[in-house]
Amino acid sequence: MIFKTLVTLLGLVCIIIVSTLAYALMQDIVDPVTGRRVQDREARIMGMIGYIIAAAIAFGLYHYLF
């Protein structure tokens with residue numbers, strides 16, 4: 001029971017951290033001089049990979065619990 005609780009907490013913390021980093025990567029870059037927004041294609045790809053990893057962790061956690 002304690003082990004299942006620890007795995008659940010660790011999984012939730014990992015999901016929160018990975019999804020927060022993925023969200024930060026998905027944001028546009030603002031040029032401080034001109035104020036224009038620039039899209040970074042590689043960062044968006046990494047953000048999507050982060051969302052996929054977070055979904056995989058959530059699926060694995062769900063499969064472990066149920």
Side-chain angles (χ1 to χ4, degrees):
M1 184 68 179
I2 293 174
F3 186 70
K4 191 176 256 190
T5 304
L6 289 175
V7 169
T8 303
L9 288 176
L10 182 66
L12 290 176
V13 168
C14 287
I15 290 171
I16 290 170
I17 290 172
V18 169
S19 61
T20 302
L21 290 174
Y23 177 76
L25 283 171
M26 295 288 289
Q27 300 301 312
D28 293 339
I29 299 170
V30 178
D31 187 11
V33 176
T34 61
R36 294 185 323 160
R37 300 178 82 78
V38 179
Q39 290 184 353
D40 188 10
R41 184 171 178 245
E42 290 82 16
R44 288 200 183 257
I45 292 170
M46 294 299 286
M48 291 303 294
I49 291 171
Y51 282 136
I52 292 169
I53 290 172
I57 293 171
F59 178 73
L61 187 62
Y62 177 79
H63 183 68
Y64 175 74
L65 290 176
F66 303 109

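If you read the sequence from its start, that first residue is 1, and numbering goes on from there. In what follows, every heavy atom counts, from backbone to side chain, and hydrogens, waters and symmetry copies are set aside.
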Name every donor-acceptor pair, under 3.5 Å, that has one atom in a side chain of residues 4-23 and the other anywhere in the protein, sequence neighbours excluded.
residue : atom : partner : partner atom : Å
T5      : OG1  : M1      : O            : 2.9
T8      : OG1  : K4      : O            : 2.7
S19     : OG   : I15     : O            : 2.7
S19     : OG   : I16     : O            : 3.2
T20     : OG1  : I16     : O            : 2.6
Y23     : OH   : Q27     : NE2          : 3.4

Using atom types as modelled, flag every donor-acceptor pair under 3.5 Å from a side chain in residues 49-56 to any protein atom, sequence neighbours excluded.
none

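Applying the salt bridge (Lys or Arg N to Asp or Glu O under 4.0 Å) test to residues at least two apart or on different chains, none of the pairs has a partner in residues 55-66.
Residues passing the ring pair (Phe, Tyr, Trp, His ring centres under 6.0 Å) test with F59: none are found, sequence neighbours excluded. Considering only residues two or more places apart in sequence or on other chains, F3 meets the ring pair (Phe, Tyr, Trp, His ring centres under 6.0 Å) condition with none of them. Every salt bridge (charged side-chain N to carboxylate O under 4.0 Å, His left out) that D28 has, sequence neighbours left out, goes to R37, R44.
For M26, the CE atom counts as densely surrounded, since its 6.0 Å shell holds more than 12 non-hydrogen atoms of other residues, nucleotides or ligands.
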